[in-house]
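Quick notes on the structure that follows.
Computed from a predicted model, the values in this text were never measured in an experiment. Counting begins at 1 with the first residue of the sequence.
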Amino acid sequence: MATVAKRGNSYRIKVSLGYDSNGKQIIKSKTWTPEKGASKKQIQKELNKQTILFEEKCKKGLVLDSSIKFSEFAEKWIKDYGETQLRPRTLARYKELLKRINISIGHIKLEKLQPHHLTEFYKNLFEEGIRNDTKYKPFFNFDKFVKDLKITKVSLAKLSGVSIQVINLCFKGLNVNYQSALKISNALNKKIDDVFEPFEAKKYLSPKTMLYYHRLISVIMSTAVQWQLIISNPCERVKPPKVSKKEAKYLDEHQAKKLLSVIQNEDIKYKTIIEVLIYTEMRRGELCGLTWDDIDFKNKLLNINKSILYLSDRGVFEDLTKNQSSNRVIPISDNVIKSLKEYKNIKKVKNYYLVQNGMVRITKFLHHGMVEIFTLIRFPTSLKNSC
């Protein structure tokens, strides 16, 4: 309900939106000043109008101020900006980063967020920023431990918010990821180190990943400045995590020739895939997005204009290339043309995409088949991991 109070030559309009999780009343307010020379009747009519409009905006969540919490503003930023302006993979990445950010600073109001909050967050990332791909397993008889607590698998799954399949893995003494191990430990009112141990050495966040956290917080706070919710961006007064430049891992000319040599007797599809990747330097998603219409056999040209991506919540889908400059037409060698023709004729390919079944199969091959080939010709481990 809206209330109005006169304050000198202006009016203060307040709207109550109930209570937050701490029992504190949520109040939104604005100051309205009538135009000079307006009569009392005109002022009252416009005041009533402003009050109704402001109350409607508040109820629809359209009113923001500096007292909004970072997590609430970040959610609105994702909805109003991210979902319309960001690429799918970037949006998914930002949503994942925000999970850890909101745990640390999500409760802080925008107007209260200071550089020391951010430096403390970065410090915690360095000390406790364990990567989500570190695997954990129970270091004791998990089955007996849970049964002694008189907790069933189903109830533990509900309490922890993980699937019954993950719980079954724990009962069998198998590996689960960090987030699952943390949720299960919390459900049992235990610290993660009291229940689980890392299956391998703990992997910590890289400085580059930490820089991603800083950049995301900064772009969100910059938006808050642009929307005139706060005066300045606290990220501009904080030194971002340092990132040392690393040389890209790639095959040298000798290794590329050796790889081309050992794949000559492989399946024609994989042989063609490797040749296209080596001779064109295409991205994996661009290769998966190739259609037969993109290949100009007569003029020996390849038109790169789309990409196939994968997200866990969307599956495999077609998208634009990484950026505008990624749309390009490139020449291809006689060897690649020959392999493409052979692949098309032998396999009698009729599907739309060059790589049948898209991202799923090519990803599996590049992450497993390529390692097997590299092992066969004894390439360095670092190069295996770069594929």
Side-chain angles (χ1 to χ4, degrees), residues 21 71 74-75 78 82 88-107 121 124-206 209-210 212-213 216 284 309-317 357-369 371 385:
S21 58
S71 59
E75 182 180 356
I78 286 289
R89 293 188 73 171
T90 303
L91 179 61
R93 175 69 167 161
Y94 282 179
K95 287 181 177 180
E96 191 63 30
L97 293 176
L98 278 171
K99 292 179 182 179
R100 190 171 246 147
I101 293 172
N102 285 335
I103 291 175
S104 179
I105 64 173
H107 63 287
F121 172 56
N124 290 338
L125 284 180
F126 274 108
E127 296 175 350
E128 304 172 4
I130 301 173
R131 289 171 48 149
N132 291 335
D133 59 357
T134 301
K135 299 297 182 182
Y136 284 73
K137 67 176 182 178
F139 61 79
F140 52 76
N141 190 329
F142 190 81
D143 188 346
K144 184 178 182 303
F145 174 73
V146 173
K147 286 181 178 178
D148 288 344
L149 294 175
K150 297 181 180 180
I151 301 176
T152 65
K153 291 182 181 180
V154 175
S155 59
L156 181 56
K158 290 182 178 179
L159 285 171
S160 60
V162 303
S163 68
I164 191 68
Q165 288 82 0
V166 172
I167 299 299
N168 284 330
L169 290 176
C170 294
F171 271 74
K172 294 176 182 178
L174 300 178
N175 305 330
V176 297
N177 64 35
Y178 172 73
Q179 291 298 327
S180 295
L182 183 62
K183 290 178 181 179
I184 293 170
S185 301
N186 291 338
L188 295 172
N189 293 319
K190 298 284 185 180
K191 294 182 178 179
I192 188 171
D193 292 336
D194 293 336
V195 183
F196 293 90
E197 60 182 352
F199 178 69
E200 54 187 354
K202 290 183 178 179
K203 299 178 182 178
Y204 290 88
L205 297 177
S206 68
T209 300
M210 294 180 190
Y212 288 152
Y213 281 100
L216 176 56
R284 180 182 60 189
L309 303 178
Y310 171 81
L311 292 175
S312 58
D313 59 338
R314 288 186 59 177
V316 178
F317 62 97
N357 295 334
M359 178 66 80
V360 177
R361 288 202 176 187
I362 184 62
T363 300
K364 182 178 180 181
F365 172 70
L366 287 178
H367 282 286
H368 300 287
V371 172
N385 296 336

| S155 side-chain N/O to I151 backbone N/O, donor-acceptor pair under 3.5 Å | no

| field | Least distance between heavy atoms, K190 atom then D194 atom | value | CB-CB, 4.4 Å

| message | Quick one, L149 and L156 - any side-chain contact, counting heavy atoms below 4.5 Å? | response | no

| message | As a test of understanding, state which of F142, Y178, F196 forms a ring pair (Phe, Tyr, Trp, His ring centres under 6.0 Å) with Y136. | response | Y178

| query | Given the rule in the side chain to side chain contact (heavy atoms under 4.5 Å, CB included) test, do I184 and V166 qualify, once you have shown the distances and angles that lead to the verdict? | reply | CA-CA 10 Å; I184 293 170; V166 172; 4.2 Å; yes

| field | Heavy-atom side-chain proximity of R100 to L125 below 4.5 angstrom | value | yes

| note | On a heavy-atom basis, the closest approach of I192 and S185 is CA-OG, 3.4 Å

| Between C170 and P138, what is the shortest heavy-atom contact and its length? | O-CG, 3.6 Å

| query | Side chains of L174 and N168: closer than 4.5 Å at any heavy-atom pair? | reply | no

| query | Should K135 and N177 count as side-chain neighbours, where that means a heavy-atom distance under 4.5 Å? | reply | yes

| message | With rounding to the nearest 0.5 angstrom, report the CG to CD1 distance, L98 to I78. | response | 5.5 Å

| remark: Tightest non-hydrogen contact, residues F145 and L188, listed as CE2-CD1, 3.8 Å

| Is it true that atom OH of Y212 has more than 12 heavy atoms of other residues, nucleotides or ligands lying nearer than 6.0 Å? | no

| At what distance, to the nearest 0.5 angstrom, does NZ of K153 lie from NZ of K147? | 7.5 Å

| Would you call S160 and I167 a side-chain contact if the rule is heavy atoms closer than 4.5 Å? | yes

